[in-house]
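Below is one structure, written out as structure tokens; the observations come after it.
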Number of protein chains: 2
Amino acid sequence: MSGSSRSISAEDTVRADGAASPSFSPLYAQIKALIIASLQSGEWKAGEAIPSELDLAKRFGVSQGTVRKAVDEMAAENLLVRRQGRGTFVATHAEQKVQYRFLRLMPDEGSESLERQLLDCRRQRAPAAIARALQLRTGDPMIEVRRILSSKGVPVVLDDIWLPGDLFKGLSTERLNLHRGPFYGLFETEFGVHMIRAEEKIRAVAADAEAACLLQVPLGAPLLSVERLSFTYGDKAVELRRGLYCTATHFYRNELN
Amino acid sequence: MSGSSRSISAEDTVRADGAASPSFSPLYAQIKALIIASLQSGEWKAGEAIPSELDLAKRFGVSQGTVRKAVDEMAAENLLVRRQGRGTFVATHAEQKVQYRFLRLMPDEGSESLERQLLDCRRQRAPAAIARALQLRTGDPMIEVRRILSSKGVPVVLDDIWLPGDLFKGLSTERLNLHRGPFYGLFETEFGVHMIRAEEKIRAVAADAEAACLLQVPLGAPLLSVERLSFTYGDKAVELRRGLYCTATHFYRNELN
DNA sequence: AAGTGGTCTAGACCACTCT
DNA sequence: GAGTGGTCTAGACCACTTG
């Protein structure tokens with residue numbers, strides 16, 4: 001790299017006042033932020049390759065090693081996927097070998113994929129509780145989707161999905177039904193919304209009349225309630241989902257470190 | 001480092017036959033394996049500092065950068081903890097700010113710590129199902145521990161814990177009761193067993209008579225069943241645990257990436 | 001053969017902690 | 001001030017993929 005290239009060096013960091021420097025942001029972290037900004041702006045789309053490490057190093061005026069560290073972190077966070085000899089690619093929910101990257105439900109035996117059945121998709125006004133979680137105002141336009149996932153014809157999951165109306169303008173029952181693969185893939189290609197992270201709150205609950213009917217279990221049967229809040233770039237919440245899982249033939253798998 | 005130091009270079013890797021080289025093990029991975037071996041042998045105990053990167057580099061005859069990469073991975077896996085300016089330390093369940101590193105249960109409000117109540121601790125013969133999970137033989141000596149965790153006097157968790165008898169020879173009710181903090185801390189200091197990873201299978205179940213009584217919930221109330229298999233170095237399973245969580249005032253928190 | 005990511009080295013300097 | 005981990009660079013070479 002050229003010698004006088006520190007256009008964004010650590011030393012340039014703004015210091016709020018004499019005391020307590022603002023915790024020091026290393027170069028690679030700034031490079032990472034720039035790459036994320038490019039992802040967010042759509043410069044590179046889901047599944048596409050980003051420029052090579054050397055190209056990025058030239059572009060940002062830093063060494064390859066610094067770009068490498070930024071990309072390494074992003075690969076560890078599943079924002080990017082590295083493939084030796086081929087390049088670095090924008091992670092996607094669409095063409096992944098494991099469909100449903102965020103679904104931790106596993107069958108006790110076998111490995112059949114799940115069939116999808118759309119129940120409903122309608123425009124709604126945001127209820128207070130939903131609005132709060134998504135940092136919207138009560139009454140803001142939203143879209144509610146309900147669906148069932150089945151294994152070998154037996155219903156296993158009942159999902160109730162809430163999306164901000166302004167981000168998913170043209171979403172409709174037909175569009176959802178036409179699409180193959182996970183919803184998150186459709187969200188990427190049709191609406192430019194990437195889900196990169198989620199938080200789940202899990203409880204055991206008793207099936208109410210509606211859930212019992214739809215999941216074909218007795219009234220009061222124990223179900224796993226999985227409340228998921230999904231985030232896109234910049235930790236912006238863009239989906240709230242409440243799943244009811246029937247855990248007679250499946251279980252929720254988790255790994256602890 | 002001295003020039004002729006590649007005592008364990010990548011090129012030395014044994015190749016099984018002409019075709020399909022055994023997938024290539026980089027130097028840093030071999031260093032990592034050596035460090036893990038030292039941890040396993042007890043050369044550095046839980047909570048202690050390991051040698052500095054430069055010392056390790058000298059010892060293994062590689063550059064600091066290679067040691068750094070090995071240690072970075074181990075820190076990412078929570079085997080080691082780096083502290084700038086101080087050193088690198090063996091991770092421990094004992095003196096951690098967050099007690100219960102593996103417990104994902106969170107209160108809906110507040111942040112009270114949980115009180116522990118020991119119900120039982122006895123020597124047992126391994127039932128078939130337990131033995132299989134821990135790769136033992138049916139009838140092998142085991143220790144079974146039952147306990148309750150309570151929040152503000154209200155029982156929240158009922159745990160049933162199975163441990164291989166040969167690894168936990170002197171374990172007794174008194175010893176468990178004397179000890180402060182999480183069991184996993186005691187296992188480290190008293191028995192040299194470090195839990196480094198675990199897999200959980202989660203289901204919703206209905207409370208049976210015994211659980212209902214101990215957790216003070218109605219018969220048939222929905223409970224979270226959390227089956228945990230814990231591993232020590234070398235992916236050796238050393239604990240099977242079945243927890244029943246009452247999720248009226250708490251929830252199981254998970255993060256997806 | 002060319003291009004990509006992956007490994008390894010060596011050295012300089014910075015930020016943090018402790019004595 | 002000495003010692004530790006953290007950042008950044010520059011260059012060499014290796015492993016893998018594709019044309």
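Throughout, a chain's letter reflects where its sequence line sits, starting with A, and its residues are numbered from 1.
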Discussion item. Tell me if the CD atom of Q135(B) is crowded by more than 12 foreign heavy atoms within 6.0 Å.
Written reply: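 Atom CD in Q135(B) is not packed in, count stays at 12 or less.
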Worksheet item: Under 4.0 Å: is that the gap between some side-chain N or O of T88(B) and OP1 or OP2 of dG5(D)?
Response: yes
Could you check which of [options] has an atom nearest any side-chain atom of [X]?
X	options	result
S63(A)	dC8(C), dC8(D), dG5(D)	dC8(D)
T66(B)	dC8(C), dC16(D), dG5(D)	dC8(C)
L27(A)	dG6(D), dT9(C), dC8(D)	dC8(D)
Q84(B)	dC8(C), dG5(D), dG5(C)	dG5(D)
R68(B)	dT9(D), dG5(D), dC8(D)	dG5(D)
R86(B)	dT7(D), dC18(C), dG5(D)	dC18(C)
K69(B)	dT7(C), dT7(D), dG5(D)	dT7(C)

Rounded distance (Å) that lies between atom [atom2] of [N] and atom [atom1] of [X]:
X	N	atom1	atom2	value
L80(A)	dT4(C)	CG	P	16 Å
Q64(B)	dC8(C)	CD	C1'	13 Å
L56(B)	dT9(C)	CG	P	14 Å
D72(A)	dG5(C)	CG	C1'	10 Å
E73(B)	dT7(C)	CD	C1'	12 Å
F89(B)	dG5(D)	CZ	P	9 Å
K58(A)	dG3(C)	NZ	P	10 Å
Y28(A)	dA15(C)	OH	C1'	13 Å

Practice prompt. With R147(A) as the cation and F183(A) as the aromatic partner, state whether NZ or CZ is under 6.0 Å from the six-membered ring centre and within 45° of the axis.
Written response: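 Here R147(A) passes the 6.0 Å and 45° test against F183(A).
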Worksheet item: Is the Lys NZ or Arg CZ of R83(A) less than 6.0 Å from the centre of F89(A)'s six-membered ring, within 45° of the axis?
Response: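 Here R83(A) passes the 6.0 Å and 45° test against F89(A).
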Worksheet item: Side chains of T92(A) and E188(A): is there a donor and an acceptor less than 3.5 Å apart?
Response: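 Yes, a side-chain donor-acceptor pair sits under 3.5 Å.
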Item to complete: Would you kindly compare D55(B) and G85(A) by the position of their nearest DNA chain D nucleotide and give the one closer to the 5′ end?
Response: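 Its nearest nucleotide being more 5', the pick is D55(B).
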Discussion item. So, taking the atom named OG1 in T189(A) and the one named NE2 in H93(A), what distance separates them when rounded to the nearest 0.5 Å?
Written reply: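 Atom-to-atom, T189(A):OG1 and H93(A):NE2 are 12.0 Å apart.
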